[in-house]
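Every chain is numbered from 1, with letters handed out A, B, ... down the list of sequences. Only this structure's heavy atoms are used, side chains among them; waters, hydrogens and symmetry mates stay out. Just so we're clear, the structure is a prediction, and the values are computed from it rather than from any experiment.
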Amino acid sequence: MSRKILIVDDEEVIRKFLRIHLTKLGYEVKEAADGEQAIEQLGKDNFDLLICDILMPKKDGWEVIKEAKSDPKTKDIPVIVLTAKNEDTDMFKGYDMGANYYMTKPFTKAQLLYGLKLMLKETPEEIRV
Amino acid sequence: MEDQDRKKIIIMLRWTAIIVTSYLILFGKGRVMNLHLSYLLILIYLLSNVSLSFFPKKWFSNLKLFYPLVLLDTGIVSFGMYLSEKMVTDFYIVFFLIIIFASVSRNFKLLMVIGGITALLYGVLLYSWGFLLKEDSSYTLRVPFIFIMTAFYGYIVQTLTREKRQELTISEDKYRGLFENAKEGIILLRNHQLQIADVNREVEKVTGYIKGELIQKEVFDLFPPEEMEKARDYFKEVAEIGEGRTDSLSLMKKDGVSTEVDLSTKRIDLGDESFYQMIFRDLTEQRKLEKKIRQSKRNLEAIFDGIRDQLSIQAPDYRILRVNRAVVERYQTTFEKLINQKCYEAYFQRSKPCERCPVSVTIETKQPATSIMKSSENNTTMQVFSYPVLDEKGNLLSAIEYVKDITEEQRLQEQLIQSEKLAGIGTLASGVAHEINNPLSGIIGMAEIALEEEDPTKNESYLKDILDCAQRISEIVKGLRSYSRAAKKGEQGLVDLNEVLEETLKMVRLVAQKTPVEVIKKFQPVEKIQANIGEIQQVFTNLITNAFQAMDGKGGKLVLSTRSIGDSVEVKVSDDGMGIPQKYLSQIFDPFFTTKKPGEGTGLGLNIVYRIVTKHEGTIDVESKEQIGTTFTIKFPARRVES
């Protein structure tokens with residue numbers, strides 16, 4: 001059974017390339033364009049990983065993470081924070097709130113794969129390139 | 001009856017008696033025994049009346065004159081009768097004339113004595129001619145009749161005198177009341193020895209003596225020994241001139257303490273006696289007050305001179321009335337050289353008042369005025385304030401000119417604006433980085449996919465995404481360039497507010513793009529203003545950023561509008577965000593006032609806005625309601641471009 005990943009970003013182009021990359025790698029991908037949609041998706045499905053942008057309309061990434069971490073059903077899902085802001089304070093805030101990995105935009109496929117592998121505890125062999 | 005009238009009546013009555021007596025002596029049918037003696041008698045009588053007319057008026061109220069005068073007249077008339085050997089009725093009438101003028105003295109006793117003597121003399125004369133004991137008693141009856149008539153006059157005189165005395169008592173009471181209740185101390189002195197004859201209550205109050213202790217004392221006992229000399233000189237002068245005033249003498253109280261008084265003394269005549277009336281006012285309170293006034297004057301002078309800014313008081317004709325030390329030091333001159341000179345001559349060697357001088361505005365309008373004067377000479381900036389000083393009727397007495405060196409203040413302000421600008425650029429940079437990073441991620445991501453793609457037909461869609469992202473970045477960089485170009489310029493120029501608003505909005509939106517704000521632009525074509533474009537941009541950046549923050553991600557409406565009103569251009573920035581609590585409204589433009597958490601805001605944003613707007617001679621107003629929104633209204637003076 002393939003693993004399920006939720007991509008949350010208001011930028012369509014970012015969702016698109018993430019989707020293409022991850023689908024090629026054999027993951028099942030779901031998308032959300034803002035915080036509210038993300039929380040809705042989290043309630044409906046069981047995910048293995050959450051990739052979440054911070055600055056989004058309606059509910060922002062922090063709120064999504066907070067809700068995910070406060071729900072027993074979803075609190076163990078690892079979270080990768082994507083942010084365009086390159087500031088340390090944001091990073092620490094992310095970890096404080098329960099984010100597990102922090103990725104600054106722009107990033108390459110290799111950086112993404114490293115983060116994925118780490119979060120999903122997969123060995124490099126398991127990753128099908 | 002006045003002395004004047006009394007003298008006139010007496011002399012007139014005597015003239016009548018003299019004429020009648022002379023006529024009877026010289027032209028009567030009777031035999032004159034000794035003609036020479038008769039002439040002498042008439043001459044004495046005449047001369048006595050002539051010399052009487054040289055007597056001082058006031059002697060006529062003195063009984064010492066009446067006794068000899070009446071006796072003399074009675075004697076002359078009786079002797080005349082004797083010489084003429086006539087016992088005619090007419091002589092008898094002359095006696096009545098004498099009795100009448102004796103009654104003018106208003107003295108009952110004198111009158112009765114005169115009546116007695118006249119009756120006696122007449123009786124003696126009658127007897128010498130043998131009329132007294134004749135059968136015909138008509139002559140004999142005249143003797144008691146003289147006495148009865150005299151008594152009758154005496155009665156009338158006494159009644160009149162009593163009435164007069166009553167009147168006097170009443171007026172005396174009135175006078176007493178005035179005397180006793182006077183707020184001034186009044187001392188009555190006997191003329192010669194300057195002995196105290198009477199004092200009023202105020203004297204007792206001031207000196208601490210009671211009346212009984214003062215009466216009969218010499219006035220000099222009331223002066224302290226060290227001032228005795230001065231007091232004697234003063235009274236000597238009063239004796240010469242009749243009156244005198246001084247405020248340099250003190251009275252010594254019973255306890256030995258001196259009290260300064262304002263003293264005036266006047267000679268007055270009461271009846272036949274002269275007095276000095278000494279009136280004084282206790283100056284203790286006044287001196288205290290004077291001391292206070294002097295002290296406060298000194299304080300004011302010290303403050304005036306101590307102020308390090310230049311203070312100068314000018315009359316409505318620009319004459320300098322007063323300057324403080326700072327002025328003297330600034331122009332390296334002396335007080336004497338400035339006072340009474342026209343200010344424009346003394347300070348600037350000009351022949352007429354300086355242009356834009358606030359003092360001339362105040363002199364013309366009686367209103368406070370201010371203006372900023374730049375001196376190229378020593379590169380300083382002065383703010384000149386002028387305040388009117390008006391009298392009770394609203395006339396301008398003088399204008400106070402206050403010159404404050406604001407060079408340093410302005411430099412700090414420039415620095416503050418600059419540092420706020422830098423901080424703004426920092427915020428902008430991180431906002432811009434964020435905005436660029438998103439499409440950049442898209443480019444990198446899509447490029448990697450395209451590289452790996454084996455099916456070339458799919459690449460077109462990837463490349464299109466890459467192009468979109470690249471164009472977005474290009475837009476951001478363009479906006480950034482125009483913003484920074486404006487910020488760099490820095491000098492004054494003609495500024496199109498609509499243009500600046502548009503650009504600023506773009507940049508602020510970049511930073512706060514995720515806030516779903518609907519922006520409504522109501523721009524009307526407006527005149528350009530003379531301004532520093534970078535600073536105007538700073539104003540709009542701060543206001544629009546605040547508006548976005550007030551809407552705090554919840555979204556809302558931002559209305560930007562511009563329009564011309566008369567000679568000014570109005571810009572409104574209004575949001576429907578959280579609003580500003582009423583209690584903070586008066587403080588929002590203060591430096592370092594912030595409701596944000598430490599680290600989130602400097603509290604300088606709106607203060608900078610305020611400073612920049614006022615620097616451009618503009619005004620800024622704010623209206624705000626909690627949960628409804630906030631509107632900032634800025635007005636700048638328009639500069640019409642002459643074509």
Side-chain angles (χ1 to χ4, degrees), chain A residues 7-25 29 31 33-36 51-64 80-93 102-116 128-129, chain B residues 426-455 457-473 476 509-518 548-549 551-556 597-600:
Chain A
I7 303 169
V8 188
D9 200 310
D10 60 326
E11 287 279 345
E12 204 197 332
V13 67
I14 290 172
R15 291 202 305 272
K16 187 176 171 185
F17 81 72
L18 283 175
R19 187 180 68 233
I20 295 171
H21 280 321
L22 297 178
T23 319
K24 272 195 185 168
L25 289 170
V29 176
E31 294 173 33
D34 60 49
E36 278 180 10
I51 300 177
C52 189
D53 186 26
I54 294 301
L55 275 173
M56 290 184 299
K58 296 176 187 173
K59 286 184 174 165
D60 67 12
W62 302 129
E63 281 182 78
V64 175
I80 296 179
V81 172
L82 287 185
T83 172
K85 275 194 185 169
N86 193 3
E87 283 168 22
D88 291 350
T89 46
D90 272 8
M91 202 167 80
F92 288 122
K93 188 175 177 190
Y102 193 90
M103 251 173 15
T104 311
K105 294 175 186 175
F107 52 88
T108 60
K109 186 185 173 187
Q111 287 167 323
L112 173 71
L113 288 185
Y114 180 79
L116 267 178
R128 285 153 290 174
V129 181
Chain B
T427 317
L428 187 71
S430 85
V432 167
H434 173 255
E435 284 317 302
I436 290 177
N437 280 340
N438 265 327
L440 206 54
S441 303
I443 290 172
I444 292 169
M446 295 316 286
E448 281 180 325
I449 287 165
L451 280 176
E452 288 171 7
E453 187 59 62
E454 282 147 17
D455 181 359
T457 53
K458 285 186 181 169
N459 269 351
E460 196 190 327
S461 127
Y462 303 150
L463 288 173
K464 211 168 157 286
D465 284 334
I466 289 171
L467 192 63
D468 281 348
C469 290
Q471 268 163 352
R472 266 175 59 193
I473 292 173
I476 294 167
R509 288 213 84 157
L510 279 183
V511 180
Q513 203 200 22
K514 298 294 144 81
T515 313
V517 171
E518 184 193 349
F548 272 84
Q549 282 171 356
M551 294 185 277
D552 193 28
K554 286 193 291 286
K597 280 179 232 149
E600 284 185 11

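Taking chain A as the reference chain and counting heavy-atom pairs below 4.5 Å, the highest number among I444(B), D468(B), I449(B) is found for I449(B).
The environment of CD in E452(B) is crowded: more than 12 heavy-atom neighbours from other residues, nucleotides or ligands sit within 6.0 Å. A 6.0 Å sphere centred on CZ of F107(A) holds more than 12 heavy atoms belonging to other residues, nucleotides or ligands.
Both the backbone and the side chain of L440(B) come within less than 4.5 Å of a heavy atom in chain A.
Here the straight-line distance linking atom CG of N438(B) with atom CG of D53(A) works out to 6.0 Å at 0.5 Å rounding. Atom-to-atom distance recorded for I20(A):CD1 and K458(B):NZ is 8.5 Å, nearest 0.5 angstrom. In this structure, K24(A) NZ and E453(B) CD are separated by 5.0 Å, a value rounded to the nearest 0.5 Å.
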Problem set entry | S441(B) and M103(A): CA distance, side-chain angles, deciding distance, side-chain contact (heavy atoms from CB on, under 4.5 Å) verdict | CA-CA 11 Å; S441(B) 303; M103(A) 251 173 15; over 6 Å; no
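In terms of heavy atoms, S461(B) sits closest to K16(A) at OG-NZ, 3.2 Å. Residues G442(B) and I14(A) approach most closely at N-CG1, 4.4 Å, considering heavy atoms.
A side-chain donor-acceptor contact under 3.5 Å links E448(B) to the backbone of K109(A).
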